[in-house]
Number of protein chains: 2
Amino acid sequence: MSNASRAIERFSRYPLGESQSVHCPVRDVLDRIGDKWSMLMIMALAMRPHRFSELHRAVNDISKRMLTQTLRDLERDGLITRHVFPTKPPGVEYRLAPLGHSLLEPMAGLIDWADRCHGDIHAARARFDGTPGDAARQAFSTRSKVSTNRQG
Amino acid sequence: MSNASRAIERFSRYPLGESQSVHCPVRDVLDRIGDKWSMLMIMALAMRPHRFSELHRAVNDISKRMLTQTLRDLERDGLITRHVFPTKPPGVEYRLAPLGHSLLEPMAGLIDWADRCHGDIHAARARFDGTPGDAARQAFSTRSKVSTNRQG
DNA sequence: CTGCATCCTCTAGGATACTG
DNA sequence: CAGTATCCTAGAGGATGCAG
(Lines give C-alpha, C1' and ligand atoms only; values in the text may rest on other atoms or scores of the structure.)
Protein backbone atom coordinates (compact mmCIF):
# COMPACT_ATOMS: atom_id res chain seq x y z
CA MET A 1 0.00 0.00 0.00
CA SER A 2 2.74 2.43 0.90
CA ASN A 3 4.53 1.17 -2.15
CA ALA A 4 1.58 2.31 -4.19
CA SER A 5 1.77 5.71 -2.53
CA ARG A 6 5.37 5.83 -3.52
CA ALA A 7 4.28 5.00 -7.04
CA ILE A 8 1.80 7.84 -7.07
CA GLU A 9 4.52 10.13 -5.85
CA ARG A 10 6.60 9.24 -8.87
CA PHE A 11 3.71 9.56 -11.26
CA SER A 12 3.45 13.22 -10.43
CA ARG A 13 6.91 13.77 -11.83
CA TYR A 14 5.74 13.00 -15.32
CA PRO A 15 3.51 15.16 -17.47
CA LEU A 16 0.53 13.23 -18.77
CA GLY A 17 -0.28 13.46 -22.43
CA GLU A 18 2.34 13.21 -25.07
CA SER A 19 2.52 16.31 -27.23
CA GLN A 20 4.00 18.42 -24.50
CA SER A 21 6.03 15.70 -22.89
CA VAL A 22 9.74 15.87 -23.47
CA HIS A 23 9.95 12.19 -22.64
CA CYS A 24 6.97 10.19 -21.48
CA PRO A 25 7.95 6.86 -19.87
CA VAL A 26 4.45 5.57 -20.40
CA ARG A 27 4.88 5.91 -24.13
CA ASP A 28 8.21 4.19 -23.79
CA VAL A 29 6.62 1.25 -22.05
CA LEU A 30 3.80 0.95 -24.52
CA ASP A 31 6.10 1.27 -27.49
CA ARG A 32 8.19 -1.55 -26.08
CA ILE A 33 5.74 -4.11 -24.75
CA GLY A 34 2.35 -2.65 -25.65
CA ASP A 35 2.20 -4.45 -28.95
CA LYS A 36 0.72 -7.85 -29.55
CA TRP A 37 3.76 -10.07 -29.28
CA SER A 38 6.76 -8.49 -27.51
CA MET A 39 5.89 -9.71 -24.03
CA LEU A 40 5.36 -13.25 -25.26
CA MET A 41 8.70 -13.23 -27.06
CA ILE A 42 10.48 -11.94 -23.99
CA MET A 43 8.85 -14.57 -21.81
CA ALA A 44 9.90 -17.30 -24.20
CA LEU A 45 13.45 -16.03 -24.37
CA ALA A 46 13.53 -15.62 -20.60
CA MET A 47 13.42 -19.39 -20.21
CA ARG A 48 16.15 -20.18 -22.69
CA PRO A 49 17.59 -19.08 -26.04
CA HIS A 50 15.39 -19.91 -28.99
CA ARG A 51 15.90 -20.39 -32.67
CA PHE A 52 13.59 -18.68 -35.09
CA SER A 53 11.33 -21.63 -35.68
CA GLU A 54 11.41 -22.63 -32.05
CA LEU A 55 9.97 -19.26 -31.25
CA HIS A 56 7.42 -19.71 -33.96
CA ARG A 57 6.34 -22.96 -32.37
CA ALA A 58 6.42 -21.54 -28.85
CA VAL A 59 4.22 -18.61 -29.80
CA ASN A 60 2.08 -20.63 -32.07
CA ASP A 61 -0.30 -18.13 -33.56
CA ILE A 62 2.08 -15.40 -34.64
CA SER A 63 2.75 -14.89 -38.31
CA LYS A 64 6.25 -15.17 -39.68
CA ARG A 65 6.06 -11.54 -40.63
CA MET A 66 5.28 -10.33 -37.14
CA LEU A 67 7.75 -12.75 -35.61
CA THR A 68 10.55 -11.23 -37.65
CA GLN A 69 9.42 -7.71 -37.07
CA THR A 70 9.00 -8.09 -33.33
CA LEU A 71 12.40 -9.73 -33.02
CA ARG A 72 13.96 -6.97 -35.07
CA ASP A 73 12.42 -4.28 -32.89
CA LEU A 74 13.52 -5.99 -29.69
CA GLU A 75 17.00 -6.40 -31.10
CA ARG A 76 17.14 -2.79 -32.12
CA ASP A 77 16.19 -1.68 -28.63
CA GLY A 78 18.89 -3.87 -27.14
CA LEU A 79 16.50 -6.19 -25.32
CA ILE A 80 17.59 -9.29 -27.17
CA THR A 81 20.62 -10.36 -29.19
CA ARG A 82 20.81 -12.27 -32.45
CA HIS A 83 23.48 -14.82 -33.28
CA VAL A 84 23.83 -16.25 -36.76
CA PHE A 85 25.38 -19.67 -37.29
CA PRO A 86 26.47 -19.91 -40.91
CA THR A 87 25.63 -23.61 -41.11
CA LYS A 88 24.23 -25.40 -44.10
CA PRO A 89 20.69 -24.24 -43.66
CA PRO A 90 21.37 -21.06 -41.71
CA GLY A 91 20.54 -21.14 -38.02
CA VAL A 92 19.81 -18.08 -35.93
CA GLU A 93 19.62 -17.97 -32.19
CA TYR A 94 17.94 -15.26 -30.19
CA ARG A 95 18.62 -14.67 -26.55
CA LEU A 96 17.76 -12.16 -23.90
CA ALA A 97 20.25 -9.31 -23.51
CA PRO A 98 20.95 -7.89 -20.04
CA LEU A 99 18.63 -5.01 -20.80
CA GLY A 100 15.88 -7.43 -21.67
CA HIS A 101 16.62 -9.40 -18.54
CA SER A 102 16.13 -6.27 -16.46
CA LEU A 103 12.62 -6.06 -17.81
CA LEU A 104 11.63 -9.47 -16.47
CA GLU A 105 10.89 -8.46 -12.93
CA PRO A 106 8.61 -5.49 -13.60
CA MET A 107 6.93 -7.46 -16.35
CA ALA A 108 6.33 -10.38 -14.03
CA GLY A 109 4.80 -8.03 -11.51
CA LEU A 110 2.24 -7.00 -14.05
CA ILE A 111 1.51 -10.49 -15.23
CA ASP A 112 1.06 -11.66 -11.66
CA TRP A 113 -1.38 -8.86 -11.12
CA ALA A 114 -3.38 -9.95 -14.14
CA ASP A 115 -3.36 -13.51 -12.92
CA ARG A 116 -4.43 -12.54 -9.41
CA CYS A 117 -7.13 -10.11 -10.46
CA HIS A 118 -8.48 -12.07 -13.37
CA GLY A 119 -11.44 -13.20 -11.34
CA ASP A 120 -12.29 -9.80 -9.88
CA ILE A 121 -12.15 -8.24 -13.28
CA HIS A 122 -14.51 -10.75 -14.80
CA ALA A 123 -16.84 -10.35 -11.87
CA ALA A 124 -16.82 -6.58 -12.28
CA ARG A 125 -17.46 -7.02 -15.95
CA ALA A 126 -20.42 -9.31 -15.42
CA ARG A 127 -21.80 -6.83 -12.92
CA PHE A 128 -21.39 -3.97 -15.34
CA ASP A 129 -22.91 -5.81 -18.26
CA GLY A 130 -25.69 -7.11 -16.08
CA THR A 131 -26.71 -3.73 -14.71
CA PRO A 132 -29.76 -2.67 -16.73
CA GLY A 133 -28.75 1.01 -16.34
CA ASP A 134 -28.33 2.56 -19.73
CA ALA A 135 -27.62 0.33 -22.64
CA ALA A 136 -25.95 3.18 -24.47
CA ARG A 137 -23.11 3.58 -21.96
CA GLN A 138 -22.47 -0.13 -21.95
CA ALA A 139 -22.54 -0.41 -25.71
CA PHE A 140 -19.95 2.32 -25.95
CA SER A 141 -17.33 0.15 -24.39
CA THR A 142 -15.28 -1.37 -27.16
CA ARG A 143 -14.19 -4.41 -25.30
CA SER A 144 -17.74 -5.30 -24.26
CA LYS A 145 -19.65 -6.48 -27.26
CA VAL A 146 -18.55 -10.09 -26.77
CA SER A 147 -20.11 -11.03 -23.49
CA THR A 148 -23.60 -9.87 -24.34
CA ASN A 149 -24.65 -13.48 -24.33
CA ARG A 150 -26.44 -13.32 -21.03
CA GLN A 151 -29.95 -14.63 -21.08
CA GLY A 152 -30.58 -13.63 -24.63
CA MET B 1 18.14 -11.08 -10.08
CA SER B 2 16.67 -13.96 -8.10
CA ASN B 3 13.39 -12.12 -8.36
CA ALA B 4 13.75 -12.31 -12.09
CA SER B 5 14.46 -16.02 -11.81
CA ARG B 6 11.29 -16.33 -9.85
CA ALA B 7 9.55 -14.47 -12.61
CA ILE B 8 10.88 -16.88 -15.21
CA GLU B 9 9.67 -19.71 -13.06
CA ARG B 10 6.17 -18.34 -13.22
CA PHE B 11 6.33 -17.65 -16.91
CA SER B 12 6.70 -21.35 -17.56
CA ARG B 13 3.29 -21.94 -16.06
CA TYR B 14 1.59 -20.11 -18.87
CA PRO B 15 1.21 -21.31 -22.42
CA LEU B 16 2.48 -18.79 -24.91
CA GLY B 17 0.34 -17.95 -27.87
CA GLU B 18 -3.35 -17.34 -27.49
CA SER B 19 -5.39 -19.78 -29.51
CA GLN B 20 -4.62 -22.69 -27.26
CA SER B 21 -4.44 -20.72 -24.08
CA VAL B 22 -7.33 -21.20 -21.73
CA HIS B 23 -6.46 -17.92 -20.12
CA CYS B 24 -3.40 -15.92 -21.02
CA PRO B 25 -2.48 -13.29 -18.41
CA VAL B 26 -0.38 -11.48 -20.98
CA ARG B 27 -3.45 -10.87 -23.06
CA ASP B 28 -5.21 -9.70 -19.94
CA VAL B 29 -2.51 -7.18 -19.26
CA LEU B 30 -2.40 -5.90 -22.79
CA ASP B 31 -6.18 -5.68 -23.03
CA ARG B 32 -6.19 -3.63 -19.87
CA ILE B 33 -3.29 -1.23 -20.17
CA GLY B 34 -1.85 -1.94 -23.60
CA ASP B 35 -3.97 0.65 -25.30
CA LYS B 36 -3.03 4.22 -25.86
CA TRP B 37 -4.61 5.92 -22.87
CA SER B 38 -5.48 3.58 -19.99
CA MET B 39 -2.20 3.94 -18.14
CA LEU B 40 -2.33 7.71 -18.38
CA MET B 41 -5.89 7.77 -17.03
CA ILE B 42 -4.96 5.50 -14.16
CA MET B 43 -1.96 7.65 -13.30
CA ALA B 44 -4.10 10.75 -13.30
CA LEU B 45 -6.76 9.14 -11.11
CA ALA B 46 -4.07 7.74 -8.83
CA MET B 47 -3.27 11.24 -7.67
CA ARG B 48 -6.83 12.31 -6.97
CA PRO B 49 -10.38 11.98 -8.30
CA HIS B 50 -10.99 13.82 -11.53
CA ARG B 51 -13.99 15.16 -13.31
CA PHE B 52 -14.43 14.45 -16.99
CA SER B 53 -13.02 17.71 -18.23
CA GLU B 54 -10.29 17.71 -15.64
CA LEU B 55 -9.13 14.45 -17.12
CA HIS B 56 -9.38 15.92 -20.55
CA ARG B 57 -7.10 18.73 -19.49
CA ALA B 58 -4.72 16.45 -17.60
CA VAL B 59 -4.29 14.15 -20.58
CA ASN B 60 -4.29 16.96 -23.04
CA ASP B 61 -4.11 15.26 -26.39
CA ILE B 62 -6.81 12.64 -26.04
CA SER B 63 -10.02 13.02 -27.99
CA LYS B 64 -13.33 13.22 -26.14
CA ARG B 65 -14.33 10.04 -27.87
CA MET B 66 -11.37 8.04 -26.59
CA LEU B 67 -11.61 9.66 -23.19
CA THR B 68 -15.15 8.40 -22.82
CA GLN B 69 -14.40 5.00 -24.23
CA THR B 70 -11.31 4.44 -22.10
CA LEU B 71 -13.16 5.50 -18.97
CA ARG B 72 -16.02 3.20 -19.81
CA ASP B 73 -13.71 0.24 -20.32
CA LEU B 74 -11.88 0.91 -17.08
CA GLU B 75 -15.20 1.24 -15.28
CA ARG B 76 -16.47 -1.97 -16.78
CA ASP B 77 -13.40 -3.83 -15.58
CA GLY B 78 -13.84 -2.45 -12.09
CA LEU B 79 -10.64 -0.42 -12.10
CA ILE B 80 -12.36 2.91 -11.63
CA THR B 81 -15.73 4.09 -10.38
CA ARG B 82 -18.03 6.76 -11.75
CA HIS B 83 -20.13 9.07 -9.61
CA VAL B 84 -22.75 11.30 -11.15
CA PHE B 85 -23.81 14.49 -9.41
CA PRO B 86 -27.16 15.55 -10.82
CA THR B 87 -26.34 19.22 -10.53
CA LYS B 88 -27.39 21.93 -12.95
CA PRO B 89 -24.83 21.15 -15.59
CA PRO B 90 -24.22 17.51 -14.74
CA GLY B 91 -20.95 16.71 -13.00
CA VAL B 92 -19.28 13.35 -13.09
CA GLU B 93 -16.41 12.29 -10.92
CA TYR B 94 -14.12 9.39 -11.66
CA ARG B 95 -11.96 7.77 -9.02
CA LEU B 96 -9.74 4.77 -8.69
CA ALA B 97 -11.45 1.64 -7.38
CA PRO B 98 -9.53 -0.74 -5.08
CA LEU B 99 -8.89 -3.00 -8.02
CA GLY B 100 -7.40 -0.10 -9.92
CA HIS B 101 -5.36 0.86 -6.92
CA SER B 102 -3.88 -2.61 -6.81
CA LEU B 103 -2.55 -2.03 -10.27
CA LEU B 104 -0.49 1.00 -9.27
CA GLU B 105 2.49 -0.81 -7.87
CA PRO B 106 3.16 -3.19 -10.76
CA MET B 107 2.49 -0.38 -13.18
CA ALA B 108 4.94 1.88 -11.41
CA GLY B 109 7.52 -0.86 -11.60
CA LEU B 110 7.24 -0.87 -15.33
CA ILE B 111 7.29 2.88 -15.67
CA ASP B 112 10.34 3.10 -13.49
CA TRP B 113 12.04 0.57 -15.67
CA ALA B 114 11.29 2.65 -18.74
CA ASP B 115 12.60 5.72 -17.02
CA ARG B 116 15.78 3.98 -15.88
CA CYS B 117 16.52 2.25 -19.15
CA HIS B 118 15.53 5.04 -21.47
CA GLY B 119 19.13 5.94 -22.06
CA ASP B 120 20.36 2.41 -22.67
CA ILE B 121 17.58 1.79 -25.14
CA HIS B 122 18.35 4.88 -27.13
CA ALA B 123 22.01 3.98 -27.13
CA ALA B 124 21.24 0.48 -28.37
CA ARG B 125 19.02 1.95 -31.01
CA ALA B 126 21.66 4.34 -32.23
CA ARG B 127 24.14 1.47 -32.34
CA PHE B 128 21.75 -0.69 -34.32
CA ASP B 129 20.83 2.01 -36.78
CA GLY B 130 24.45 2.98 -37.11
CA THR B 131 25.72 -0.50 -37.91
CA PRO B 132 26.20 -0.65 -41.67
CA GLY B 133 25.28 -4.38 -41.65
CA ASP B 134 22.33 -4.98 -43.89
CA ALA B 135 20.03 -2.12 -44.57
CA ALA B 136 17.17 -4.50 -45.21
CA ARG B 137 17.08 -5.92 -41.71
CA GLN B 138 17.15 -2.46 -40.23
CA ALA B 139 14.45 -1.17 -42.50
CA PHE B 140 12.20 -4.03 -41.53
CA SER B 141 11.86 -2.69 -38.05
CA THR B 142 8.64 -0.74 -37.93
CA ARG B 143 9.66 1.59 -35.21
CA SER B 144 12.86 2.51 -36.99
CA LYS B 145 12.04 4.33 -40.17
CA VAL B 146 12.55 7.68 -38.52
CA SER B 147 16.26 7.62 -37.91
CA THR B 148 17.29 6.61 -41.40
CA ASN B 149 18.72 10.07 -41.88
CA ARG B 150 22.32 9.01 -41.68
CA GLN B 151 24.56 10.06 -44.50
CA GLY B 152 21.86 9.72 -47.09
C1' DC C 1 15.78 -22.78 -42.08
C1' DT C 2 15.40 -17.71 -41.92
C1' DG C 3 13.18 -14.04 -43.39
C1' DC C 4 12.07 -10.09 -46.87
C1' DA C 5 8.44 -8.17 -50.14
C1' DT C 6 3.65 -7.60 -51.47
C1' DC C 7 -1.05 -7.33 -50.88
C1' DC C 8 -5.04 -6.84 -48.15
C1' DT C 9 -8.01 -6.45 -44.07
C1' DC C 10 -9.61 -4.71 -39.95
C1' DT C 11 -9.80 -1.78 -36.23
C1' DA C 12 -7.93 1.63 -32.95
C1' DG C 13 -8.43 6.05 -32.74
C1' DG C 14 -8.98 11.16 -34.48
C1' DA C 15 -12.31 15.04 -36.16
C1' DT C 16 -16.56 16.85 -36.05
C1' DA C 17 -21.25 17.84 -35.02
C1' DC C 18 -25.23 17.14 -32.11
C1' DT C 19 -27.89 16.42 -27.40
C1' DG C 20 -29.59 16.62 -22.40
C1' DC D 1 -20.57 19.99 -18.55
C1' DA D 2 -20.53 15.18 -20.22
C1' DG D 3 -21.24 12.60 -23.32
C1' DT D 4 -23.03 10.08 -28.15
C1' DA D 5 -23.26 9.18 -33.08
C1' DT D 6 -21.04 9.36 -37.59
C1' DC D 7 -17.53 9.44 -40.63
C1' DC D 8 -12.83 8.59 -41.98
C1' DT D 9 -7.86 7.48 -42.00
C1' DA D 10 -3.44 5.49 -40.63
C1' DG D 11 -1.19 1.75 -39.38
C1' DA D 12 -0.91 -2.89 -37.05
C1' DG D 13 -0.94 -7.23 -38.36
C1' DG D 14 -2.37 -11.62 -41.27
C1' DA D 15 -1.66 -14.51 -45.71
C1' DT D 16 1.08 -15.77 -49.20
C1' DG D 17 5.04 -16.17 -52.21
C1' DC D 18 9.83 -15.90 -53.24
C1' DA D 19 15.03 -16.15 -52.00
C1' DG D 20 19.56 -17.14 -49.90
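Values reported hereafter were calculated over all heavy atoms of this structure, with side chains retained and with hydrogens, waters and symmetry mates removed. So that the names make sense, note that chain A is the first sequence line, chain B the second, and so on, each numbered from 1.
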Quick check on DNA chain D: between A:Gly34 and B:Arg72, whose nearest nucleotide comes earlier from the 5' end?
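Whichever sits nearer the 5' end wins; that is B:Arg72.
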For B:Ile80 against B:Leu45, the heavy-atom pair lying closest together:
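Distance-wise, the nearest heavy atoms are CG2-CD1, 3.7 Å.
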Minimum heavy-atom separation for B:Lys36 to A:Leu30, with atom names?
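Residues B:Lys36 and A:Leu30, closest heavy atoms: O-CD1, 4.1 Å.
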Starting at atom [atom1] of [X], determine the distance to atom [atom2] of [N], rounded to an integer number of angstrom.
X	N	atom1	atom2	answer
B:Ile80	D:dA2	CD1	P	13 Å
B:Glu75	D:dA2	CD	P	15 Å
B:Leu67	D:dT4	CG	P	11 Å
B:Phe85	D:dA2	CZ	C1'	14 Å
B:Leu40	C:dA12	CG	P	18 Å
B:Lys88	C:dG20	NZ	P	17 Å
B:Ile62	C:dA12	CD1	P	15 Å
A:Arg27	C:dG13	CZ	C1'	12 Å

Any side-chain N or O of B:Lys36 under 4.0 Å from OP1/OP2 of C:dG14?
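For C:dG14, OP1 or OP2 has a side-chain N or O of B:Lys36 closer than 4.0 Å.
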Can you see if the side chain of A:Thr68 gets near the phosphate of C:dG3 - specifically, an N or O under 4.0 Å from OP1 or OP2?
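So the side chain of A:Thr68 is outside the cut-off, no N or O lying under 4.0 Å from OP1 or OP2 of C:dG3.
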Determine whether A:Val92 and A:His83 make a side-chain contact, defined as any pair of heavy atoms from C-beta on separated by less than 4.5 Å.
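No, too far: nothing below the 4.5 Å cut-off.
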Less than 4.5 Å apart, any side-chain heavy atom of A:Cys117 and any of B:Leu99?
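Touching, per the 4.5 Å side-chain cut-off.
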Return the nearest nucleotide to the side chain of A:Met66; candidates are C:dG3, D:dT4, D:dG14.
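Out of C:dG3, D:dT4, D:dG14, the nucleotide with an atom closest to A:Met66's side chain is D:dG14.
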I want to verify a distance call: between D:dG13, C:dG13, D:dT4, whose nearest atom is closest to the A:Asp35 side chain?
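So the side chain of A:Asp35 is nearest to D:dG13.
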For B:Tyr94, report the nucleic acid contact type (base, sugar-phosphate, nothing); a contact means any heavy atom under 4.0 Å.
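Sugar-phosphate contact only - B:Tyr94 comes under 4.0 Å of backbone atoms but never of a base.
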Closest-nucleotide mapping onto DNA chain C: is B:Arg65 or A:Arg51 further toward the 5' terminus? I mean the 5' end.
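The residue whose closest nucleotide sits nearer the 5' end is A:Arg51.
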Roughly how far, to the nearest 0.5 Å, is CG of A:Leu96 from NE2 of A:His50?
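It is 11.0 Å, given to the nearest 0.5 Å.
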